[in-house]
Amino acid sequence: MASSVSQKIRARLIRSSVQPQLSLDEERRQWEDAVCDDVIAERCSEKPEMIAGTRCLWLMPDNPQPDDILLYAHGGGLVTGAIETHRVFCSQIAVALNRTVLMVGYRRLPEHHTSAPRDDFLAVYSHLIAKDAKSDRIAFAGDSSGATVILSALHRLHETGTALPYAAVSLSGAFDTSLSGESFQSRADVDPVLSPESLIDWQKHFIGRIDLADPVISPLFAEFHCLPPVLLLAGDHELWLSDSVRLAERLKAKGISASLSVYPDMWHVWPMWPELPETVEAFLEIDRFLTRTRQLV
């Protein structure tokens with residue numbers, strides 16, 4: 001059952017809608033302007049750095065676990081979202097997990113090639129490895145389409161025989177740009193954040209450029225054979241629920257360790273609301289997963 005706090009927040013949420021009068025640049029600017037004055041979590045410091053030609057941001061809690069890096073890909077449908085929109089959220093993750101978070105400000109679509117987000121994320125990872133960071137001390141994480149970036153990156157690493165990180169964490173993963181999951185119908189009336197119409201409109205950024213089921217933007221359809229343990233968190237009331245459910249099933253069928261937790265009554269990327277008890281619960285679950293998985297390496 002949802003907490004009383006979540007019920008109050010839910011009543012204030014505004015569902016996404018199609019706004020044809022807004023250009024993509026205006027949509028990006030609105031989101032970034034809305035959070036520009038927000039302050040990162042207490043007991044956390046930040047340091048920007050250009051890594052492998054990509055804007056990145058280090059978020060470091062006081063006395064973090066040594067040599068443990070959470071390499072993070074932000075959400076935003078691969079077309080919006082940025083370091084600026086997610087830095088506060090990632091600082092909260094850093095403090096809650098007591099781990100250093102490195103955000104990757106990858107190039108967005110549609111002005112760049114469809115593989116650009118994945119390629120930039122991999123370039124940063126490769127740079128870390130080249131600078132003596134150990135793959136068994138790096139975990140991947142991402143929310144929404146950021147989870148697509150990390151799964152696409154993992155698939156590419158396996159294809160090239162490159163060392164894999166020790167774990168991966170997905171928050172409300174959006175793994176199927178073709179929107180073929182049954183939850184787009186079954187959760188259409190209960191998702192308080194996303195509307196089917198807005199997601200169908202979002203597909204316009206890909207149609208005509210790439211098959212919507214291409215694994216680069218829809219890793220649900222990738223052929224996975226070797227991955228590190230994966231933790232998938234999803235909300236029971238989100239349109240994207242089926243993506244996490246189906247990915248967990250596909251990974252398990254390949255013998256890959258995949259854990260799925262569906263949080264009752266939660267919406268898309270609910271951990272971005274730090275006051276939620278369900279956020280505290282999610283962070284505790286992620287911490288336990290990463291700690292347990294790293295001990296097995």
Side-chain angles (χ1 to χ4, degrees), residues 24-25 27-28 49-57 70-83 85-86 102-130 135 138-165 168-180 199 201-228 230 232 240 243-244 246-247 250-251 254 256:
L24 182 57
D25 284 341
E27 186 178 347
R28 291 170 174 172
E49 183 179 355
M50 288 291 294
I51 300 177
T54 299
R55 287 181 61 230
C56 295
L57 182 69
L70 194 64
L71 193 60
Y72 197 90
H74 64 78
L78 303 177
V79 298
T80 64
I83 285 176
T85 59
H86 283 66
L102 178 57
M103 299 183 65
V104 179
Y106 55 80
R107 290 169 294 163
R108 297 173 296 192
L109 310 183
E111 63 266 43
H112 296 290
H113 191 273
T114 49
S115 67
R118 179 202 67 185
D119 294 345
D120 289 351
F121 191 85
L122 285 174
V124 173
Y125 177 67
S126 297
H127 177 90
L128 293 177
I129 299 300
S135 62
I138 299 174
F140 289 178
D143 65 275
S144 190
S145 60
T148 276
V149 174
I150 69 169
L151 262 295
S152 180
L154 288 170
H155 183 247
R156 185 61 177 161
L157 288 173
H158 174 64
E159 285 185 327
T160 58
T162 307
L164 296 168
V169 177
S170 163
L171 301 172
S172 294
F175 302 118
D176 175 14
T177 303
S178 71
L179 309 181
S180 65
L199 293 180
D201 181 69
W202 162 72
Q203 289 178 316
K204 68 188 177 188
H205 299 296
F206 310 96
I207 292 173
R209 301 185 65 205
I210 186 172
D211 186 334
L212 294 179
D214 190 299
V216 171
I217 59 171
S218 295
L220 175 68
F221 305 114
E223 285 297 326
F224 290 111
H225 299 285
C226 180
L227 286 186
V230 179
L232 303 155
W240 290 107
D243 284 29
S244 293
R246 290 183 293 165
L247 183 63
R250 287 175 64 88
L251 295 181
K254 293 292 185 177
I256 296 167

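Every heavy atom of this structure was used, including side-chain atoms; hydrogens, water molecules and symmetry mates were not. Each residue takes its place number in the sequence, starting with 1.
Applying the salt bridge (charged side-chain N to carboxylate O under 4.0 Å, His left out) criterion to Arg250, with sequence neighbours excluded, gives no partner residue. Partners of Arg209 under the salt bridge (charged side-chain N to carboxylate O under 4.0 Å, His left out) rule, at least two apart in sequence or in another chain, do not exist in this structure. With sequence neighbours excluded, the residues satisfying salt bridge (charged side-chain N to carboxylate O under 4.0 Å, His left out) with Glu159 are Arg156. Remark: His113 pairs with Ser115 by the side chain to side chain contact (heavy atoms under 4.5 Å, CB included) rule, at least two apart or across chains. Annotation: side-chain hydrogen bond (donor to acceptor under 3.5 Å, both in side chains) contacts of Ser170 (sequence neighbours excluded): none. Residues passing the ring-ring contact (aromatic ring centres under 6.0 Å, His included) test with His205: none are found, sequence neighbours excluded. For Pro215, the side chain to side chain contact (heavy atoms under 4.5 Å, CB included) partners two or more places apart in sequence, or in a different chain, are Ala222. Residues satisfying the salt bridge (charged side-chain N to carboxylate O under 4.0 Å, His left out) test with Arg55, not counting sequence neighbours, are Glu84. With sequence neighbours excluded, the residues forming a side chain to side chain contact (heavy atoms under 4.5 Å, CB included) with Lys204 are Asp201, listed by chain and number. Qualifying side chain to side chain contact (heavy atoms under 4.5 Å, CB included) partners for Ala123, counting only residues two or more places apart in sequence or in other chains: Ala52.
Atom-to-atom distance recorded for Ile210:CD1 and Thr114:OG1 is 3.5 Å, nearest 0.5 angstrom. Distance check: His158 NE2 to Leu164 CG gives 8.0 Å after rounding to the nearest 0.5 Å.
Ser180 and Phe221 get closest at one heavy-atom pair: OG-CZ, 4.0 Å. The two residues Thr177 and Gln203 make their nearest non-hydrogen contact at O-NE2, 2.9 Å. A pairwise comparison of heavy atoms in Ile256 and Pro228 identifies CG2-O, 4.1 Å as the closest pair. Looking at every heavy atom in both residues, Ala153 comes nearest to Phe121 through CB-CD2, 3.9 Å. Taking all atoms of both residues into account, the shortest heavy-atom contact from His127 to Ile51 is CD2-CG2, 3.3 Å. Between Ser244 and Leu232, the shortest heavy-atom distance links the atoms O-CD1, 3.7 Å.
Note: Phe140 and Tyr125 have perpendicular aromatic rings, judged against thresholds of 30 and 60 degrees for the angle between ring planes.
Side-chain N or O atoms of Asp243 include one that pairs as donor or acceptor with a backbone N or O of Asp176 at under 3.5 Å. Without hydrogens or angle criteria, Tyr106 side chain to Thr54 main chain gives no donor-acceptor distance under 3.5 Å. Checked by atom type and distance alone, the side chain of Ser178 never pairs as donor or acceptor with a backbone atom of Leu212 at under 3.5 Å.
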| task | Evaluate the criterion side-chain contact (heavy atoms from CB on, under 4.5 Å) for residue pair Ile129 and Thr162; output intermediate values, then yes/no. | result | CA-CA 10 Å; Ile129 299 300; Thr162 307; over 6 Å; no

| message | Could you walk me through whether Ser218 and Phe206 satisfy the side-chain contact (heavy atoms from CB on, under 4.5 Å) test, starting with their C-alpha distance in whole Å, then the side-chain angles of each, then the deciding distance to 0.1 Å, before giving a yes or no? | response | CA-CA 11 Å; Ser218 295; Phe206 310 96; over 6 Å; no

| said: Run Val149 and Leu78 through side-chain contact (heavy atoms from CB on, under 4.5 Å) and show every step you take. | reply: CA-CA 8 Å; Val149 174; Leu78 303 177; 3.7 Å; yes

| message | Run Thr80 and Trp202 through side-chain contact (heavy atoms from CB on, under 4.5 Å) and show every step you take. | response | CA-CA 11 Å; Thr80 64; Trp202 162 72; over 6 Å; no

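You'll find the side chain of Leu71 stays beyond 4.5 Å of the side chain of Pro165, heavy atoms only. Contact of the Leu151 side chain with the Leu227 side chain is registered, since non-hydrogen atoms from C-beta on lie closer than 4.5 Å.
Among pairs with a residue in residues 103-118, those fulfilling salt bridge (Lys or Arg N to Asp or Glu O under 4.0 Å) read Arg28-Glu111, Glu32-Arg108, Arg107-Asp120, at least two apart in sequence or across chains. Residue pairs meeting the side chain to side chain donor-acceptor pair (under 3.5 Å) criterion with at least one partner in residues 138-154, sequence neighbours excluded, are Tyr72-Asp143, His86-Asp143, Ser144-His268.
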